[in-house]
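Reading through the structure tokens given below for one structure.
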2 protein chains.
Amino acid sequence: MTKGLNAVIAQGGGPTAVINQTLVGCALALRESGRVGGILGARHGVRGITRDDYVDLATLPMPKLDRVAVTPSAALGSTRDKPDAEYCQRIVEGLKQRDVRILFYIGGNDSADTCRIVNETAARGGYDLRSFHLPKTIDNDLMENDHTPGYGSAARWVAMAFMSDNLDNRALPGIKIDVVMGRNAGFLTAAGALGRKREDDGPHLIYLPERTFDADEFVNNVAEVNSRLGRCLVAVSEGVKGRDGQPVMAQLGAAKEKDAHGNLALSGTGALGDALAERIRQELGKGGKKVRVRADTFGYIQRSSFDVSPVDSSEARAVGAFAAALALKEADSSSITIQRESNNPYRVSFASAAFDRVAAKTRVMPREFMHADRPDVTDEFILYATPLVGELPVVEPL
Amino acid sequence: MTKGLNAVIAQGGGPTAVINQTLVGCALALRESGRVGGILGARHGVRGITRDDYVDLATLPMPKLDRVAVTPSAALGSTRDKPDAEYCQRIVEGLKQRDVRILFYIGGNDSADTCRIVNETAARGGYDLRSFHLPKTIDNDLMENDHTPGYGSAARWVAMAFMSDNLDNRALPGIKIDVVMGRNAGFLTAAGALGRKREDDGPHLIYLPERTFDADEFVNNVAEVNSRLGRCLVAVSEGVKGRDGQPVMAQLGAAKEKDAHGNLALSGTGALGDALAERIRQELGKGGKKVRVRADTFGYIQRSSFDVSPVDSSEARAVGAFAAALALKEADSSSITIQRESNNPYRVSFASAAFDRVAAKTRVMPREFMHADRPDVTDEFILYATPLVGELPVVEPL
């Protein structure tokens with residue numbers, strides 16, 4: 001072991017089901033190289049660095065690391081802190097104190113931005129640090145990436161939840177609205193379509209945040225499906241926006257909190273689903289007609305389920321190992337990315353991009369993934385997402 | 001095959017993840033006996049009988065039946081219709097038309113009551129019919145049963161959802177409220193405790209419908225846990241009631257619909273969780289203190305997940321076969337029940353009870369399952385419920 005070459009690994013932003021695969025993949029690759037002295041896991045992201053609060057990842061026994069890897073949600077703890085100049089200075093001081101020369105930050109676009117500014121602060125202060133951002137987000141909204149670790153497992157959860165709820169809605173017909181996570185990108189909501197097999201399988205309508213949400217059109221669409229099939233299952237992104245570009249959730253006064261990055265908290269409330277259900281109840285219930293309308297908001301379990309996608313899990317692990325190898329090759333600071341080399345057979349490769357191509361930017365659903373004429377996804381999206389979620393169960397209603 | 005001995009199987013009430021195991025278990029036992037001519041599956045419960053709308057279960061190929069068995073949610077469709085005298089007459093007419101002499105109705109306490117009155121209507125009319133109620137409910141609230149098919153799988157889902165959410169809440173600390181299904185019985189909400197291992201694992205507070213819910217106590221309890229652990233994960237039953245015995249949900253004006261059995265629809269809205277979160281936000285946020293509060297309402301996927309409990313699945317199957325055997329032995333009409341013979345090793349037996357001991361009655365959590373001094377369950381409950389949910393995953397946060 002090279003005395004002096006110390007590394008910190010930290011996790012930021014919303015947890016995923018496979019974020020600890022990336023942590024363990026990175027830590028093990030560093031351990032196996034024999035070239036890194038201290039491998040420190042910072043508790044609660046960059047905050048742990050400022051508080052000298054670490055887990056020693058160099059000496060954790062393998063059986064324990066194996067269990068950590070399959071544990072959903074950030075094992076080290078996470079943070080939504082957005083470091084200002086003074087905070088960044090404290091992070092760099094913390095790294096100096098432990099003579100840390102490599103920083104691995106596992107997170108989304110906000111974490112990539114944190115990684116970028118910490119790296120710049122160190123450079124300006126003349127401190128020799130290389131920083132690597134490792135992609136992770138269920139939203140699948142990182143630029144320069146075909147997809148991101150964490151998405152496949154969350155998409156699998158959403159696909160199976162809609163398979164379940166389609167069967168439930170078929171057994172006891174009515175109008176059912178399910179609200180899915182995703183602030184600006186509709187990838188996760190779109191995954192609701194992946195389990196459809198029969199012509200009348202739901203979700204019958206899919207509302208994405210990339211398309212303007214019109215409440216009157218919504219009512220008409222639901223009424224049309226309901227009169228045709230006698231039921232209607234709807235997928236709605238929590239991030240759907242009105243004509244003014246503002247989240248419908250904000251118009252309802254339902255988003256109560258902002259995080260340090262200025263994002264309105266859209267999750268953790270059923271208000272959007274309830275408001276849409278009430279609207280349907282009023283419009284379709286005119287003249288005393290009885291309509292059965294329910295809304296569920298899938299909530300936080302979307303991002304930390306146990307039934308992970310095998311592809312997602314192994315890619316999350318590989319991203320960690322790739323970042324470690326890059327760091328050990330003395331590569332420049334950067335953000336790790338995933339490219340799809342081929343869809344059939346499915347094959348990916350890893351690369352890296354400059355921070356400013358990823359940090360604080362948002363990738364949304366490309367036009368070809370969204371149906372032009374109705375609120376739905378296209379076959380291109382299905383082809384894109386199918387390999388990411390793993391095999392789905394076969395169901396047979398009568 | 002004895003010409004003339006025809007049977008109908010139907011499914012009523014809320015679906016479960018294993019209700020089709022009971023359907024297939026019953027149908028296969030009838031087929032294998034060689035003594036039943038027609039085996040008809042009524043679509044949407046008793047409604048299918050009045051409309052002569054059936055699936056022929058006698059001739060369905062085995063591979064298809066195998067797929068039906070593992071499909072969550074009532075494969076034949078379900079109903080919440082509550083038959084009045086005239087409706088019952090139409091059911092009996094429907095049965096006569098097909099010369100059906102055995103009726104199997106898979107459902108909860110409302111379905112048991114339907115079974116009872118259909119049976120009485122037939123008897124009064126001098127029509128020779130024997131009826132069997134096969135237990136099914138995620139609420140676990142049937143009298144005369146140690147537990148009911150459907151509960152174990154739903155409880156497994158709830159236990160794992162709290163394991164996930166506990167890890168999420170640990171990674172990004174705050175106050176999190178999760179609302180669980182269960183109108184009058186707290187068994188499903190209580191299952192949130194089954195995945196706790198470490199001393200600080202949540203849910204830290206469990207509010208059951210059997211205990212009066214006091215909003216001020218709730219605020220105090222959450223504040224105490226939050227100041228002790230820096231976070232608080234709460235399980236709340238959708239059915240919690242105030243001092244007046246009315247559901248808190250009804251006081252909020254959030255329960256919009258009633259079913260034919262007069263039950264307020266408590267599920268399919270996030271209103272209870274949102275109201276409780278807002279109350280916490282106001283009380284703990286006094287003086288401008290920042291508190292992170294979120295609420296999720298688990299909703300309908302609780303009752304039709306794919307990751308079923310193996311014990312629940314095999315018992316659901318066995319209940320179907322037991323009912324078929326009982327009917328073929330020319331036993332009197334009754335409701336099938338499950339008794340626990342031993343807890344270690346876990347072993348059950350099946351029996352049957354008169355309709356009026358089960359129908360339209362509700363079993364709630366016994367006193368010894370609820371902690372006397374705080375909103376929590378007891379070790380007795382954990383011992384009771386553990387064998388029902390199957391093995392839970394091992395997690396290892398750092």
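Put simply, the side chain of B/Phe306 reaches to within 4.5 Å of the side chain of A/Val395, judged on heavy atoms. Residues A/Pro173 and B/His44 meet the side-chain proximity criterion, which asks for heavy atoms closer than 4.5 Å. Counting heavy atoms from C-beta outward, B/Pro15 and A/Leu172 have side chains that approach closer than 4.5 Å. Using a 4.5 Å heavy-atom threshold, the side chains of B/Phe162 and A/Ile301 count as separate.
If you measure heavy-atom distances from A/Leu60 to chain B, the contacts under 4.5 Å come from the side chain alone. With a 4.5 angstrom heavy-atom cutoff, A/Thr297 touches chain B only via backbone atoms. With a threshold of 4.5 angstrom between heavy atoms, B/Ala74 approaches chain A through its backbone and through its side chain. For chain B, no part of A/Val179 is nearby; none of its heavy atoms comes within less than 4.5 Å. The contact between A/Leu23 and chain B is made entirely by side chain atoms (from C-beta outward), counting heavy-atom distances below 4.5 Å. Only the side chain of A/Val55 comes within contact range of chain B, judged by heavy atoms closer than 4.5 Å. For chain B, the nearby parts of A/Arg292 are the backbone and the side chain; heavy atoms of each come within less than 4.5 Å.
In this structure, CE in B/Met160 is found 11.0 Å from OG in A/Ser304, a value given to the nearest 0.5 Å.
Among B/Arg67, B/Arg43, B/Gln11, the residue with the largest count of heavy-atom pairs under 4.5 Å with chain A is B/Arg67. Heavy-atom pairs under 4.5 Å with chain B were tallied for A/Pro72, A/Ala295, A/Pro397; the largest tally goes to A/Ala295. Heavy-atom pairs under 4.5 Å with chain B were tallied for A/Pro393, A/Ala277, A/Ser164, A/Gly14; the largest tally goes to A/Ser164. The residue among A/Lys176, A/Lys64, A/Arg170 with the most heavy atom pairs within less than 4.5 Å of chain B is A/Lys64. Ranked by heavy-atom pairs under 4.5 Å with chain A, the list B/Ile177, B/Leu65, B/Val293, B/Val70 is led by B/Val293. With chain A as the partner, the residue from B/Gly270, B/Ser305, B/Ala171 showing the most heavy-atom pairs under 4.5 Å is B/Ala171. Per-residue heavy-atom pair counts under 4.5 Å with chain A were compared for B/Gly273, B/Ala69, B/Gly299, B/Ser78, and the maximum is reached by B/Ser78.
In this structure, a donor-acceptor pair under 3.5 Å is absent between the side chains of A/Ser73 and B/Asp168.
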Decide side chain to side chain contact (heavy atoms under 4.5 Å, CB included) for A/Asn20 and B/Leu398; before the verdict, give the C-alpha distance in whole Å, the side-chain angles of both, and the deciding distance to 0.1 Å.
-> CA-CA 10 Å; A/Asn20 297 323; B/Leu398 291 167; over 6 Å; no

Evaluate side chain to side chain contact (heavy atoms under 4.5 Å, CB included) for B/Phe298 paired with A/Asp296, printing each intermediate quantity in order.
-> CA-CA 7 Å; B/Phe298 287 159; A/Asp296 278 331; over 6 Å; no

Carefully, step by step, assess B/Leu167 and A/Thr71 under the rule side chain to side chain contact (heavy atoms under 4.5 Å, CB included).
-> CA-CA 9 Å; B/Leu167 293 166; A/Thr71 296; 3.8 Å; yes

